[in-house]
Amino acid sequence: MEENFEPISFDGEFQKEHIGFTRKRALILVAVLIAVVAALTAAAVFLLPKPTGLPKFSEVMTSNHDAYRHPVYGSVDWVEIVNPTDEDIDLSGYGFTNDIKHHAFRYTFPDGTTLGPGAYIVLYCTGGTDESDADPFCTGFNLSASGETLFLVTPAKVEADELVVPATEADTAYARTESGDFAVTDFPTPWEANRFE
C-alpha cells in the first residue's frame, strides 16, 4: 500500500521571517545612525568656538521705579548692551528677545545702528502704549521682575549673548562686573560703565 505524502514547503514562512528580520535590522541601523549623527552634532556645537567680536549684555533693570526716567516712557525697565571690542559693531538686524523658542527677533535693531568700541546702547522694555513707536530703541514688550532669560541674536540667528536674570528688587540692576560675571547693584548706570559701590 502506497501512501501519498505531499511535501511540506517552508519557503513562504521562511521568507516572511527573513523579511521581518531584515526590516528589524534596518530599523535598528537607522536608529543607531540617527543617534550617532545627533551625538556628533552636539559635540560639534559644544566644541566649536563661539564667534568673537559680538556685542554683550552689560546691565539689566527689570523693576525700575525711581532709578531712571525716560522722557516719553517714564519709569521704564531697560537693557544695556556694550561693545567689548576695539572695533565698531553694526547692530543692524540684530535681534533681542526673552522668548527665543518662538520669537528670536521679538525686537530688531534698526538699520544703521552702530555701536562704537566700548560704547553702550540701551533698549527700553515697554509695550502696549500709544508711544511704543516713539523711540526706535523701544522693544515693544516688557520684562519680568521675577526673572527670565534674555537673548541677543545676530542677523544670521547666531546667539551673540545669553543672560539669565534673577528676580530683582525695585531700583536694583543686574550688571556685568569687571571679571565678566554678573551681580546685583544698587547703582544702576544706563549708558555708562557699571557701578557696584
Side-chain angles (χ1 to χ4, degrees), residues 49-92 94-100 103-110 112-129 131-132 134-154 158-197:
K50 287 195 173 182
T52 57
L54 298 174
K56 299 294 180 185
F57 288 115
S58 174
E59 190 173 1
V60 180
M61 174 167 271
T62 59
S63 184
N64 178 26
H65 290 188
D66 301 309
Y68 172 79
R69 291 192 64 82
H70 187 277
V72 175
Y73 307 127
S75 299
V76 64
D77 297 337
W78 46 269
V79 172
E80 181 186 68
I81 295 165
V82 65
N83 175 358
T85 75
D86 296 328
E87 298 181 358
D88 289 348
I89 294 179
D90 183 5
L91 291 177
S92 302
Y94 268 75
F96 166 67
T97 186
N98 60 352
D99 183 13
I100 199 168
H103 305 286
F105 295 89
R106 196 168 182 191
Y107 166 84
T108 303
F109 281 87
T113 305
T114 301
L115 195 57
Y120 302 91
I121 194 166
V122 173
L123 298 178
Y124 306 106
C125 301
T126 186
T129 66
E131 297 85 9
S132 293
D135 192 311
F137 299 108
C138 173
T139 65
F141 62 92
N142 302 310
L143 299 181
S144 173
S146 62
E148 58 185 333
T149 303
L150 306 179
F151 301 90
L152 194 58
V153 185
T154 72
V158 174
E159 187 180 302
D161 201 10
E162 176 183 345
L163 179 61
V164 179
V165 184
T168 54
E169 296 181 1
D171 293 333
T172 62
Y174 194 56
R176 187 183 293 272
T177 66
E178 289 185 1
S179 65
D181 297 324
F182 274 78
V184 175
T185 176
D186 294 324
F187 304 95
T189 55
W191 296 101
E192 299 176 4
N194 299 339
R195 283 183 55 203
F196 293 90
E197 57 180 25

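We're numbering straight along the sequence, starting at 1. We use all heavy atoms of the structure for the numbers below, so side chains are in, but hydrogens, waters and symmetry mates are not.
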- Task: For Val60 and Leu163, run side chain to side chain contact (heavy atoms under 4.5 Å, CB included): C-alpha distance rounded to whole Å, both residues' side-chain angles, the deciding distance at 0.1 Å, then the answer.
- Result: CA-CA 9 Å; Val60 180; Leu163 179 61; 3.6 Å; yes

- Task: Evaluate the side-chain proximity of Val165 to Thr62: yes if any heavy-atom separation is below 4.5 Å, no if none is.
- Result: yes

- Rounded distance [0.5 Å steps], OG1 in Thr189 versus CE in Met61: 9.5 Å

- Worked check of side chain to side chain contact (heavy atoms under 4.5 Å, CB included) between Ser75 and His65: CA-CA 5 Å; Ser75 299; His65 290 188; 5.6 Å; no

- Rounded to the nearest 0.5 angstrom, the CD1-CZ distance for Ile81 and Phe109 is 3.5 Å

- Task: Would you please name every residue forming a salt bridge (Lys or Arg N to Asp or Glu O under 4.0 Å) with Arg176, sequence neighbours left out?
- Result: Asp161

- Test applied, side chain to side chain contact (heavy atoms under 4.5 Å, CB included); reference residue, Pro55; option that passes from Leu152, Thr154, Val82: Leu152

- Query: Just by modelled atom types, is the Glu162 backbone N or O under 3.5 Å from a matching donor or acceptor in the Lys56 side chain?
  - Reply: no

- Task: Would you mind reporting whether Glu192 and Tyr120 have side-chain heavy atoms less than 4.5 Å apart?
- Result: no

- Query: Are Leu54 and Tyr94 side-chain neighbours, meaning at least one heavy-atom pair lies under 4.5 Å?
  - Reply: yes

- Task: Mind checking the CG-SG spacing from Asn142 to Cys125? Nearest 0.5 Å is all I need.
- Result: 8.0 Å

- Message: Quick check: do Pro166 and Phe182 have side-chain heavy atoms less than 4.5 Å from each other?
- Response: no

- Task: Report yes if some heavy atom in the side chain of Ile89 is under 4.5 Å from a heavy atom in the side chain of Thr114; otherwise report no.
- Result: no

- Message: Looking at Asn98 and Thr149, would you say the former's side chain and the latter's main chain have a donor-acceptor pair under 3.5 Å?
- Response: no

- Query: Considering only heavy atoms from C-beta outward, does the side chain of Val79 approach that of Leu150 to under 4.5 Å?
  - Reply: yes

- Query: Can the positive tip of Arg106 be found less than 6.0 Å from the middle of the six-membered ring of Phe141, inside 45° of the ring normal?
  - Reply: yes

- Heavy-atom closest contact (Phe196 atom, Ala175 atom, distance): CZ-O, 3.6 Å

- Partners of Thr185 by side-chain hydrogen bond (donor to acceptor under 3.5 Å, both in side chains), sequence neighbours excluded? none

- Judged by modelled atom types alone, do Ser92 and Thr113 share a side-chain donor-acceptor pair under 3.5 Å? no

- Item | Between Thr97 and Asp99, a side-chain donor and acceptor under 3.5 Å | no

- Got a donor-acceptor contact below 3.5 angstrom from the Thr177 side chain to the Asp181 backbone? yes

- Task: Begin with the C-alpha distance, continue with both residues' side-chain angles, and end with the deciding distance and a verdict on side chain to side chain contact (heavy atoms under 4.5 Å, CB included) for Val72 and Asp135.
- Result: CA-CA 8 Å; Val72 175; Asp135 192 311; over 6 Å; no

- Query: How far does CG of Leu123 sit from CD1 of Ile121, to the nearest 0.5 angstrom?
  - Reply: 6.5 Å

- Taking all non-hydrogen atoms of both residues, which atom of Tyr107 and which atom of Pro136 are closest, and how far apart? OH-O, 2.8 Å

- On the 0 to 90° scale, with breaks at 30° and 60°, tag the Tyr68-Tyr124 ring pair as parallel, tilted or perpendicular. parallel

- Item | Inter-residue atom distance Phe137.CZ - His70.NE2, 0.5 Å rounding | 10.5 Å

- Query: Hey, does Thr139 have a side-chain heavy atom less than 4.5 Å from the side chain of Thr126?
  - Reply: no

- Item | Residues in side-chain hydrogen bond (donor to acceptor under 3.5 Å, both in side chains) contact with Glu169, at least two apart in sequence or another chain | none

- Task: Examine distances only and state if a side-chain atom of Asn64 and a backbone atom of Asp171 form a donor-acceptor pair shorter than 3.5 Å.
- Result: no

- Give the C-alpha distance, both sets of side-chain angles, the deciding distance and a yes or no for side chain to side chain contact (heavy atoms under 4.5 Å, CB included) between Phe57 and Glu80. CA-CA 6 Å; Phe57 288 115; Glu80 181 186 68; over 6 Å; no

- Query: Are any of the side-chain heavy atoms of Ser58 and Asn194 separated by less than 4.5 Å?
  - Reply: yes

